[in-house]
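Remember, it's 1-based here, ligands and their atoms both numbered in the order they're listed.
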Amino acid sequence: MTEKDIVPYRPGLEGVTAGISSVSDIVAEENRLIYRGYDILDLAAHAEFEEVAYLVLHGDLPTRSQLETFKAELLKHRELPSELYSVLKNLPKSSNLMGALQVGVATLGAMEPLANDNSHEANLQKATKLTAQMATLVANGWRILQGKEPTPPSNSLNHASNFLHMLFGKEPDEFYGKVMNLTFILYAEHGYNASTFTARVIASTLADMHSAVTGAIGALKGALHGGANEAAMEAMLAVGTPDRAESWVLEQLGQKKRIMGFGHREYKTGDIRATILRNYVQKVAERAGDMKWFEIQDIMQKVVLREKNLHPNVDFPAAAIYYMMGIDIPVYTPIFAAARITGWSAHIIEQHDNNRLLRPRSDYNGPRDLAFKPIDQRG
Ligand code: ACO
């Protein structure tokens with residue numbers, strides 16, 4: 001490699017193109033998000049998560065018969081192998097759910113007959129299975145950590161409603177099923193974000209899909225990425241009441257702290273996913289008969305925009321919605337993972353289909369030419 005081939009270092013890799021992909025397009029300047037050519041606004045308004053999962057994985061919207069086949073395949077894999085339940089039941093009850101999710105996916109990978117087959121066809125099969133299994137892993141994994149029995153998946157409910165059915169162990173409210181469907185769609189895919197990039201790096205070594213997904217879950221967990229939905233809810237709980245929202249934000253900013261659920265590397269004038277979900281914060285609050293979290297969000301948004309010119313990202317409204325639906329906070333980032341499995345898988349497939357090892361370089365800034373001293377001369 002010659003000097004002229006070397007691209008200068010950009011902190012955080014900001015603005016660096018690290019690959020070419022046809023899975024999604026973030027048109028930040030227009031505040032648009034496109035999955036495989038379809039605008040997220042249309043998908044959010046009209047689609048079922050299963051259709052979007054098919055679109056993200058296969059590259060186009062399914063016909064009716066393709067959708068039926070895909071749904072049947074998902075249904076077949078909703079239940080987890082009994083060996084995996086044994087593993088989950090053996091985890092200490094204090095385990096965190098993201099860790100349990102990594103254990104779960106790694107276990108499924110260890111048991112996967114097609115584990116070492118990275119062909120397009122095998123990867124699609126594994127992705128479909130994982131899409132079904134991750135929802136069960138999150139819902140029943142959480143139940144197990146709470147000392148409850150897992151709920152057998154439903155054979156009749158769609159993916160999002162079945163998730164709520166398993167999580168709560170009862171028939172889900174129809175409206176909440178629709179809201180969950182929407183958040184699954186909005187969380188499904190988002191370009192070369194940190195967790196997807198992690199998945200692609202792992203896949204680029206020719207490691208299998210389950211290994212790449214296990215790594216992606218780890219990358220998602222951090223508060224600067226998927227962990228922000230849990231952190232945002234903790235922040236709102238710390239605010240407590242609408243009358244404290246402005247002073248709380250100002251206090252945090254005064255201490256140079258970040259307000260979780262705000263800001264985005266790509267979107268600087270707003271995240272369309274947050275705009276879509278904002279209406280649902282209101283709708284869910286009205287349904288719950290308590291506008292508190294809507295009002296707190298409203299004030300926080302105005303103050304953060306005024307003080308920092310930062311807009312909320314998808315995690316901010318999602319957190320309030322999940323909270324008002326009665327979902328425990330440690331389940332929020334795992335839900336993100338259960339939706340993002342489609343995007344991760346599509347990127348892993350794209351990587352495997354046209355692979356070159358992802359191996360950037362670093363500029364060394366440590367010492368050179370130090371004299372080696374044998375250990376007994378080092379004090
Ligand atoms: N609250 C307060 N200040 C912020 C925030 C925030 N949420 N986000 C960025 N800033 C400030 C930083 O402190 C920094 O200020 P400085 O220049 O005075 O030091 C400046 O804005 C730039 O911050 P960077 O981290 O360099 O910006 P970047 O574009 O790389 O960050 C990120 C994007 C990590 C998402 C950031 O906005 C953030 O930390 N947000 C909070 C965490 C969050 O919500 N993450 C979820 C992202 S969406 C997703 O993963 C689904």
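Put simply, atom 25 (O) of ligand 1 has protein non-hydrogen atoms near it, under 4.0 Å away. Within the 4.0 Å cut-off (strictly below), no protein heavy atom is located near atom 16 (P) of ligand 1. For atom 19 (O) of ligand 1, the nearest protein heavy atom lies 4.0 Å or farther away. There is a protein heavy atom closer than 4.0 angstrom to atom 51 (C) of ligand 1.
Counting heavy atoms closer than 4.0 Å to ligand 1, residue L224 contributes atoms from both its backbone and its side chain. Contacts between N193 and ligand 1 below 4.0 angstrom, taking non-hydrogen atoms only, are absent altogether. Contact annotation for D271 and ligand 1: no heavy atom of the residue comes within less than 4.0 Å of the ligand.
When only non-hydrogen protein atoms are considered, atom 28 (P) of ligand 1 lies nearest to R265 NE, 3.6 Å. Counting only heavy atoms of the protein, atom 40 (N) of ligand 1 lies nearest to F262 O, 2.8 Å. Of all protein heavy atoms, the one lying nearest to atom 39 (O) of ligand 1 is R258 NH1, 2.7 Å. The protein non-hydrogen atom at the shortest distance from atom 4 (C) of ligand 1 is L310 CD1, 3.4 Å. Looking at atom 35 (C) of ligand 1, its nearest protein heavy atom turns out to be G263 O, 3.9 Å. Atom 48 (S) of ligand 1 has as its closest protein heavy atom H264 CD2, 3.5 Å.
In summary, E112 and K129 engage in a salt bridge, as defined by a charged side-chain N under 4.0 Å from a carboxylate O. R273 and D271 are joined by a salt bridge, as a carboxylate oxygen and a charged side-chain nitrogen come within less than 4.0 angstrom of each other. Taking 4.0 Å as the cut-off between side-chain N and carboxylate O, E149 and K89 count as a salt-bridged pair. Salt bridge annotation for D208-K126: absent, with no cationic side-chain nitrogen under 4.0 angstrom from a carboxylate oxygen.
Near K268, the atoms of ligand 1 lying under 4.0 angstrom from a non-hydrogen atom of the residue are 29 (O). Heavy-atom proximity to A228, at under 4.0 Å, picks out these atoms of ligand 1: 43 (C), 44 (O), 45 (N), 46 (C). Distances below 4.0 Å separate heavy atoms of F336 from the following atoms of ligand 1: 51 (C). Each of the following atoms of ligand 1 lies closer than 4.0 Å to a heavy atom of I259: 1 (N), 2 (C), 6 (C), 7 (N). For ligand 1, the atoms lying closer than 4.0 Å to a non-hydrogen atom of K308 are 3 (N).
Under 3.5 Å, the side chains of Y187 and N229 contain a donor-acceptor pair of N or O atoms. Side-chain contact of E48 with Y54: a donor-acceptor pair under 3.5 Å is absent, judged by distance alone. For T151 and R143, the side-chain atoms include at least one donor-acceptor pair closer than 3.5 Å.
Ligand 1 lies out of reach of F316, whose nearest heavy atom is not under 4.0 Å from it. Within the 4.0 Å heavy-atom cutoff, A223 counts among the residues contacting ligand 1. At least one heavy atom of G261 sits closer than 4.0 Å to an atom of ligand 1.
For the pair K283 and Y280, the cation-pi criterion (under 6.0 Å, within 45° of the ring axis) is fulfilled. Annotation: cation-pi pair R287/Y176 present, NZ/CZ under 6.0 Å from the ring centroid and within 45° of its normal.
Residues Y9 and Y192 do not share a hydrophobic cluster, clusters being chains of Ile/Leu/Val/Met/Phe/Trp/Tyr side chains in contact below 4.5 Å.
Within the model, atoms CG of D39 and CD1 of I272 stand 7.5 Å from one another, a figure rounded to the nearest 0.5 Å.
Within the 4.5 Å cutoff, no side-chain heavy atoms of N355 are placed close to those of N118.
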